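First up is the structure itself, then whatever we jot down about it.
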2 protein chains.
Amino acid sequence: MYQLLRYICGMNNSQLYKGSLSLIILKLLEENKRMYGYEITQKVKEQTNGELVINEGALYPALHKLEAEGLLTVTIEQVGNRPRKYYALTEKGEAETTNRLEELTDFVKHMQLLLNPKLSLG
Amino acid sequence: MYQLLRYICGMNNSQLYKGSLSLIILKLLEENKRMYGYEITQKVKEQTNGELVINEGALYPALHKLEAEGLLTVTIEQVGNRPRKYYALTEKGEAETTNRLEELTDFVKHMQLLLNPKLSLG
DNA sequence: AATAATACCTCAGGTTTTGATGTATCAATT
DNA sequence: AATTGATACATCAAAACCTGAGGTATTATT
């Protein structure tokens with residue numbers, strides 16, 4: 001049966017993650033200079049102790065969109081016989097990363113104001 | 001031109017708020033026992049110092065959906081000649097509110113792990 | 001030889017939101 | 001008396017994003 005159960009279904013099941021993927025990508029690239037898609041999925045899994053799993057069906061379109069928006073550049077490299085697409089931030093992408101991080105801070109701030117029993121994640 | 005510019009366009013412009021509306025509704029109802037739609041929009045504006053504006057085109061469908069899911073009950077009351085639909089949490093809705101709050105905590109935790117320069121909103 | 005991991009991809013269908021628009025009542029102003 | 005603004009509900013097409021499924025192919029492990 002080839003590879004039917006390739007992923008054990010990442011299940012974040014919460015709608016809250018919608019809209020956060022591009023920020024995650026941008027921020028990881030800010031820290032790591034250049035990364036390829038699969039590497040991003042592994043990094044996210046690693047840094048969240050396996051709790052957050054990026055769906056590849058969301059990741060690749062998101063990368064393509066960020067590239068189309070001029071926030072990322074891509075460089076294809078052959079590793080063995082396999083192609084890798086390394087992504088890196090453009091200048092515009094760096095600026096946008098800063099903006100998006102501010103947006104996240106605002107989001108958390110607003111959530112705290114609304115759900116006041118505090119989120120307390122210092 | 002009647003009331004063309006009725007709202008100065010709430011503009012939260014960030015995609016991050018996607019998926020958070022139902023939690024906001026649930027939580028406000030947990031705190032306030034019963035509220036009607038328009039009251040919710042005002043409360044959110046008030047508690048976030050006008051920074052977060054709920055789009056009515058999102059709010060009403062969200063309320064209807066929560067009701068359809070059995071998380072809210074509705075009671076119509078006439079105020080003067082105008083109808084108000086008061087919403088309140090069901091038992092199931094209370095439980096769900098707890099779950100959704102946990103999901104938000106997890107979301108913030110994961111974002112903190114990924115964007116480690118910390119969110120620090122104690 | 002088969003499986004698992006690496007590495008890219010697409011696409012139908014789902015959910016949620018945006019932005020525009022519609023209707024109507026009531027209070028305040030002109 | 002008439003208009004505006006606030007209150008209060010609603011719908012809907014299009015946009016945005018994601019899920020879950022599927023596809024292809026290489027390399028490493030069992």
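Every chain is numbered from 1 and lettered A, B, ... according to where its sequence line falls, protein lines coming before strand lines. Predicted model, so just to flag it, every value in this text is computed and none were measured.
When the P atom of dT16(C) is taken as reference, atom CD1 of I25(B) falls 11 Å away, rounded to whole Å. As a whole-Å value, the separation of L21(B) CG from dC17(D) P is 17 Å. Rounded to whole angstrom, the span from the CD1 atom of I54(B) across to the C1' atom of dT18(C) amounts to 13 Å. When the C1' atom of dA25(D) is taken as reference, atom CZ of R84(A) falls 15 Å away, rounded to whole Å. dC8(C) atom C1' lies 15 Å from atom CD of E77(A), rounded to whole Å. Remark: C1' of dT16(C) and CD of E56(B) are 17 Å apart, rounded to the nearest angstrom. One interatomic measurement links the two molecules: CZ of R82(B) to P of dC9(D), which rounds to 9 Å at whole-angstrom precision. For the pair L52(A) CG and dT19(D) P, the computed distance is 9 Å after rounding to whole Å.
Within the 4.0 Å cut-off from OP1 or OP2 of dA8(D), at least one side-chain nitrogen or oxygen of Y36(B) is found. A sub-4.0 Å separation between OP1 or OP2 of dC17(D) and a side-chain N or O of Q15(B) is present. Distances shown here put every side-chain N or O of H64(B) at or beyond 4.0 Å from the OP1 or OP2 atom of dC9(D). One finds a side-chain N or O of K85(B) lying less than 4.0 angstrom from the OP1 or OP2 phosphate oxygen of dA10(D). K65(A) has no side-chain polar atom (N or O) that falls below the 4.0 Å cut-off from OP1 or OP2 of dA16(D).
A salt bridge is absent between E31(A) and K43(A): the closest approach of a Lys/Arg side-chain nitrogen to an acidic carboxylate oxygen does not fall below 4.0 angstrom. Look at E96(B) and R100(B) and you find a salt bridge, because one of the NZ, NE, NH1 or NH2 atoms lies within 4.0 Å of a carboxylate O, short of that distance. Ionic pairing of R84(B) and E39(B) is not present here: no N-O contact between side-chain nitrogen and carboxylate oxygen is shorter than 4.0 angstrom.
Comparing dC9(C), dT11(D), dT15(C) by their closest approach to the side chain of Y60(B) singles out dT11(D). Side-chain proximity of N55(B) to dC9(C), dG19(C), dT6(C): nearest is dG19(C). Relative to the side chain of Y38(A), the nucleotides dA8(D), dT25(C), dC8(C) differ in distance, and dC8(C) lies closest. Taking the side chain of N81(A) as heavy atoms from C-beta on, and the options dC9(D), dT27(D), dC18(D), the nearest nucleotide is dT27(D).
Under a 3.5 Å cut-off, the side chain of T48(A) and the backbone N or O of H110(B) do not form any donor-acceptor pair. Between the side chain of N49(B) and the backbone N or O of E51(B), no donor-acceptor pair lies under 3.5 Å.
Heavy-atom nearest nucleotides on DNA chain D were determined for P61(B) and for G19(A), and the one closer to the 5' end corresponds to P61(B). Toward the 5′ end of DNA chain C lies the nearest nucleotide of G57(B), the other residue of the pair V79(B) and G57(B) mapping further downstream. Mapping G80(A) and A58(A) onto DNA chain D by nearest heavy atom places A58(A) at the nucleotide closer to the 5' end.
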